[in-house]
Amino acid sequence: MSTAKVSVPARRDGAPFLMALPALLLFALFALVPMGIVVYLSFTHWDGLGGPAWAETDNWHEALTSSVTRNALWLTAKLMVFSWVVQTPISLLLGVFVAGKQRYRSLFAVLYFVPLLISTAAVAVIFKNLLDPNFGLGAALNLPILGQDWLGNPQLAFYAVVFVIAWQFVPFHTLLYQAGARQIPASLYEAASIDGAGRIKQFWHITLPQLRYTIVTSSTLMVVGSLTYFDLVFVLTGGGPGYATRILPLDMYITGFQSNEMGLASAISVVLVVAGLLLSLALLRFSGFNRMRSQQAGM
């Protein structure tokens with residue numbers, strides 16, 4: 001009795017690598033190579049015009065001991081925390097609200113999305129004029145609370161920046177939570193209603209657990225994005241008054257392009273990159289997001 005042989009196609013172990021090779025080459029060309037050059041420049045004295053001169057660890061010593069840079073690092077961490085504390089609950093509640101099927105909620109979703117369509121520089125210019133104590137919104141409406149020098153007072157400027165950042169980026173995170181909330185099976189809420197759970201209990205025991213990975217994703221984008229708030233702060237306050245809003249990205253720009261200390265600015269940029277990587281890895285590690293367990297067990 002003869003048996004037919006089934007031919008098995010040859011296994012191509014290198015196929016996935018070959019498919020990813022173009023992306024890896026582009027990543028190396030536009031990310032790794034420039035980063036390597038920045039690391040090299042961080043060990044040199046360079047004014048951006050002549051040739052770099054080897055400086056050993058002088059730039060790193062100055063970056064880690066300078067009171068201005070340490071203040072910028074503190075402000076960046078403070079901005080990160082305040083951005084998360086302000087934006088997360090607002091975005092979460094708005095996202096869950098506009099996830100409903102009512103037509104008026106769809107209208108609100110469109111209105112919430114409008115700030116995201118405006119460029120960051122335009123947002124900064126708009127609020128710089130609105131917050132002007134002489135010609136802004138407070139003077140127009142004759143409201144003393146709005147007529148304060150929000151951007152000229154060192155005690156208020158930082159919180160004004162936090163508000164403007166939240167105004168622009170809350171819509172983006174609202175969209176994330178809206179998409180996540182619409183993926184939650186309606187049967188979970190129906191079962192909870194039958195058991196007598198009200199809306200608040202449903203939110204705490206169904207909505208929040210089901211949005212766990214959405215919260216991690218939003219928080220990662222929010223926290224790491226706090227390291228890149230340059231253009232808005234630059235146009236809005238220029239880092240002032242004094243050093244009140246001179247966060248680390250702005251400190252890097254001023255050091256490199258206004259003080260012509262490219263080596264020191266490169267060291268600050270490496271600190272930014274390392275901080276972003278460590279924060280991203282920490283969020284993924286402690287949240288369990290990298291394991292991607294199912295949120296709908298038993299469904």
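Considering only residues two or more places apart in sequence or on other chains, Trp74 meets the side chain to side chain contact (heavy atoms under 4.5 Å, CB included) condition with Asn71, Lys78. For Gln148, the side chain to side chain donor-acceptor pair (under 3.5 Å) test picks out no residue, with sequence neighbours left out. Remark: Pro249 engages Thr76, Phe230, Ile247, Leu272 in a side chain to side chain contact (heavy atoms under 4.5 Å, CB included) (not counting sequence neighbours). Residues satisfying the side chain to side chain contact (heavy atoms under 4.5 Å, CB included) criterion with His205, sequence neighbours excluded, are Lys201. Legend: residues meeting side chain to side chain contact (heavy atoms under 4.5 Å, CB included) with Asn260, ordered by chain and number and at least two apart, are Asp47. In terms of the side chain to side chain donor-acceptor pair (under 3.5 Å) criterion, residue partners of Asp251 (sequence neighbours excluded) are, by chain and number, Thr69, Arg246. When the side chain to side chain donor-acceptor pair (under 3.5 Å) test is applied to Gln168, the partners found at least two apart in sequence or on another chain are Thr120. With sequence neighbours excluded, the residues forming a side chain to side chain donor-acceptor pair (under 3.5 Å) with Thr237 are Thr245, listed by chain and number.
At a threshold of 4.5 Å between non-hydrogen side-chain atoms, the residues Val123 and Phe169 do not count as touching. For the pair Tyr229 and Val161, the minimum side-chain heavy-atom distance is 4.5 Å or more. Using a 4.5 Å cut-off on side-chain heavy atoms (C-beta onward), Phe97 and Gln178 make no contact. Looking at Glu190 and Pro185, their side chains never come closer than 4.5 Å, going by heavy atoms from C-beta outward.
Leu208 and Ile184 fall within the same hydrophobic cluster, where Ile, Leu, Val, Met, Phe, Trp and Tyr residues are linked whenever their side-chain heavy atoms come under 4.5 Å apart, directly or through other members. Both Ile200 and Leu93 are assigned to one and the same hydrophobic cluster, defined by single-linkage of ILVMFWY side chains at heavy-atom distances under 4.5 Å. Grouping the Ile, Leu, Val, Met, Phe, Trp and Tyr side chains by contacts below 4.5 angstrom, directly or via other members, places Val68 apart from Leu75. Residues Ile165 and Leu156 fall within the same hydrophobic cluster, defined by Ile, Leu, Val, Met, Phe, Trp and Tyr side chains chained together at heavy-atom separations under 4.5 Å. There is no path of hydrophobic side-chain contacts, each under 4.5 Å, that joins Leu92 to Leu176.
Across His173 and Ser91, no two heavy atoms sit closer than the pair CB-OG, 3.4 Å. Taking both residues in full, the closest heavy atoms of Pro241 and Leu151 are given as CD-O, 3.4 Å, listed atom of the first, atom of the second, then distance. A pairwise comparison of heavy atoms in Gly238 and Leu250 identifies C-CD2, 3.6 Å as the closest pair. Taking all atoms of both residues into account, the shortest heavy-atom contact from Ala166 to Pro171 is O-CD, 4.4 Å. Heavy atoms only, all atoms of each residue included: Gly95 and Tyr177 are closest at CA-CB, 3.9 Å.
Taking CZ of Phe158 as the start and CH2 of Trp150 as the end, the distance is 14.0 Å to the nearest 0.5 Å. Note: Phe257 CZ to Met262 CE = 4.5 Å, rounded to the nearest 0.5 Å. Expressed to the nearest 0.5 Å, how far NE2 of His45 lies from CG of Leu264 amounts to 9.5 Å. The distance from the CZ atom of Phe203 to the CD atom of Gln210 is 13.0 Å, given to the nearest 0.5 Å. A distance of 11.0 Å separates OG of Ser266 from OH of Tyr40, quoted to the nearest 0.5 Å. Expressed to the nearest 0.5 Å, how far CD1 of Ile126 lies from OG of Ser119 amounts to 8.0 Å.
With hydrogens and angles disregarded, a donor-acceptor distance shorter than 3.5 Å links the side chain of Thr220 to the backbone of Val216. Between the side chain of Ser226 and the backbone N or O of Met222, at least one donor-acceptor pair lies under 3.5 Å. Judged by distance alone, the side chain of Thr228 and the main-chain N or O of Gly225 form a donor-acceptor pair under 3.5 Å. No side-chain donor-acceptor contact under 3.5 Å links Asp195 to the backbone of Ala197.
Residue pairs meeting the side chain to side chain donor-acceptor pair (under 3.5 Å) criterion with at least one member in residues 124-141, sequence neighbours excluded, do not occur.
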Identify each donor-acceptor pair in which a side-chain atom of residues 50-60 lies under 3.5 Å from a protein atom, sequence neighbours left out, and give them as a table.
from, atom 1, to, atom 2, distance (Å)
Asn59, ND2, Ser42, O, 3.1
Asn59, ND2, Thr44, O, 2.5
Trp60, NE1, Ser42, OG, 3.2

Give the table of side-chain donor-acceptor pairs shorter than 3.5 Å for residues 80-88, with sequence neighbours excluded, one pair per line with atom names and distance.
from, atom 1, to, atom 2, distance (Å)
Ser83, OG, Leu79, O, 2.7
Trp84, NE1, Thr88, OG1, 3.3
Trp84, NE1, Ser219, OG, 2.8
Thr88, OG1, Trp84, O, 2.9

Which donor-acceptor pairs under 3.5 Å do the side chains of residues 22-38 make with protein atoms, sequence neighbours left out?
none

When you look at Val125 and Val235, which way does the side-chain contact (heavy atoms from CB on, under 4.5 Å) test go after all the steps? CA-CA 7 Å; Val125 171; Val235 177; 3.8 Å; yes

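A 6.0 Å sphere centred on CZ of Arg182 holds more than 12 heavy atoms belonging to other residues, nucleotides or ligands.
Between Phe127 and Trp167, the ring center distance clears the sub-6.0 Å criterion.
Paired with Thr174 under the rule side chain to side chain contact (heavy atoms under 4.5 Å, CB included), one option of Ile90, Val96, Val98 passes, and it is Val98.
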